[in-house]
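Report on the following structure.
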Amino acid sequence: MCARCEGYGEEQVGRMYDLMIDVHGFAMTQVRKHGQNGWTYTMGLRDRFDHPDLLIVHLTPVVQAELASKLGQLVVNDGTLDHEVLVASDIELVPVHPKHFRDGLVAEWVNRYRRFPEEGDFLQVMMGPGQLCECCQHRMQRLDDPAPLQLHRKNRQQRRAERRHRPRPSNNRRR
């Protein structure tokens, strides 16, 4: 859950991100909506290492967090992401079209830096076809296109599996 939803104020959230960036060199923000995987982005890579911050969509939240963490750590360690490492990992980085920033995609980043990101401030992390199942390969949306972001919704099979594993409410009906 987000810090604001837990009752923290703007100043406290800002200090939390400051501390994360001081300790780790960058911070991550995850945005999720019910029934959707949402997205994850970094803060601090641009101002600390002059490397664009990273944005990941259309993957599960756990995969997004792991990927952002590992790639962010590579930037912290080396100052950049090695092209050979990206090719070997079947990862592509594409620039994010500025229109997406006006749609609130990186709202925490905007709150932190008090401006909208400009061209070159963000790169989208795209998994290559070898990393994705067949159905997800067709759902990956490139954000260098100004078309609105279409969030991945769980398919019918995923929703049914989720319902099967959901705890059932107690049946306290009297007969």
Side-chain angles (χ1 to χ4, degrees), residues 1-6 13-33 35-98 100-101 103-113 117-145 149-154 158:
M1 181 168 269
C2 91
R4 283 183 189 78
C5 295
E6 291 288 328
V13 171
R15 285 194 311 239
M16 177 186 70
Y17 283 119
D18 288 343
L19 181 61
M20 281 189 243
I21 292 170
D22 287 345
V23 171
H24 302 288
F26 69 101
M28 292 185 310
T29 298
Q30 286 197 300
V31 181
R32 287 187 276 170
K33 295 181 181 178
Q36 299 173 337
N37 289 331
W39 59 94
T40 300
Y41 60 93
T42 63
M43 294 186 294
L45 297 178
R46 171 50 93 198
D47 61 332
R48 281 265 176 123
F49 303 98
D50 199 32
H51 186 281
D53 278 298
L54 305 172
L55 173 66
I56 305 166
V57 296
H58 298 298
L59 300 171
T60 65
V62 171
V63 172
Q64 290 177 20
E66 287 178 13
L67 194 54
S69 179
K70 288 179 181 177
L71 293 176
Q73 194 58 51
L74 287 173
V75 173
V76 169
N77 294 342
D78 302 333
T80 188
L81 291 172
D82 185 5
H83 179 71
E84 292 178 14
V85 170
L86 295 174
V87 170
S89 302
D90 200 14
I91 293 174
E92 180 184 6
L93 300 177
V94 297
V96 179
H97 193 280
H100 295 290
F101 303 133
D103 294 340
L105 190 63
V106 292
E108 195 63 54
W109 195 98
V110 172
N111 285 344
R112 178 176 181 71
Y113 297 108
E118 298 169 1
E119 195 169 320
D121 281 340
F122 271 92
L123 291 173
Q124 179 188 9
V125 178
M126 297 282 299
M127 301 299 286
Q131 297 278 350
L132 301 170
C133 64
E134 192 174 303
C135 70
C136 290
Q137 288 176 12
H138 305 291
R139 294 182 206 207
M140 292 295 290
Q141 179 183 356
R142 293 177 60 105
L143 296 180
D144 53 352
D145 180 358
L149 177 62
Q150 302 295 318
L151 290 176
H152 170 83
R153 293 197 53 83
K154 293 178 182 175
Q158 291 168 322

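Only heavy atoms go into these numbers, but all of them, side chains included; no hydrogens, no water, no symmetry mates.
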Quick one: does any side-chain atom of [X] pair with a main-chain N or O of [Y] as donor and acceptor, under 3.5 Å?
X: Asp53; Y: Gly44; answer: yes
X: Asp103; Y: Leu105; answer: no
X: Gln64; Y: Leu59; answer: yes
X: Thr40; Y: Ile56; answer: no
X: Ser89; Y: Val85; answer: yes
X: Glu108; Y: Thr29; answer: no

I want to check something: taking the side chain as every heavy atom from C-beta on, are [X] and [Y] in contact at a cut-off of under 4.5 Å?
X: Phe101; Y: Val110; value: no
X: Ser69; Y: Met28; value: yes
X: Leu19; Y: Arg15; value: no
X: Val106; Y: Trp39; value: no
X: Leu143; Y: Phe122; value: no
X: His51; Y: Leu81; value: yes
X: Asp144; Y: Val96; value: no

Enter the distance from [X]:[atom1] to [Y]:[atom2] here, rounded to the nearest 0.5 Å.
X: Asp78; Y: Phe49; atom1: CG; atom2: CZ; result: 10.5 Å
X: Asp90; Y: Met127; atom1: CG; atom2: CE; result: 7.0 Å
X: Arg46; Y: Asp121; atom1: CZ; atom2: CG; result: 5.0 Å

Checklist entry - For Tyr17, which residues count as a ring-ring contact (aromatic ring centres under 6.0 Å, His included) partner, sequence neighbours excluded? => result none
Could you pull out the closest heavy-atom pair between [X] and [Y], with the gap in Å?
X: Arg112; Y: Gly14; result: NH1-O, 4.1 Å
X: Arg48; Y: Ile21; result: NH1-O, 3.2 Å
X: Val76; Y: Gly25; result: CG2-CA, 4.1 Å
X: Leu123; Y: Pro52; result: CG-CB, 3.7 Å

Next on the checklist: Consider side-chain contact (heavy atoms from CB on, under 4.5 Å). Of Val87, Asp82, Leu86, which one does Glu84 pass it with?
Outcome noted: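 Only one option passes, and that is Asp82.
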Next on the checklist: Pair Ile91, Leu67 - check side-chain contact (heavy atoms from CB on, under 4.5 Å), show working.
Outcome noted: CA-CA 10 Å; Ile91 293 174; Leu67 194 54; 3.8 Å; yes
Checklist entry - With no hydrogens and no angle check, do the side chains of Tyr113 and Asp47 hold a donor and an acceptor under 3.5 Å apart? => result yes
Checklist entry - Is the count of non-hydrogen atoms from other residues, nucleotides or ligands lying under 6.0 Å from Glu119 atom CD greater than 12? => result no
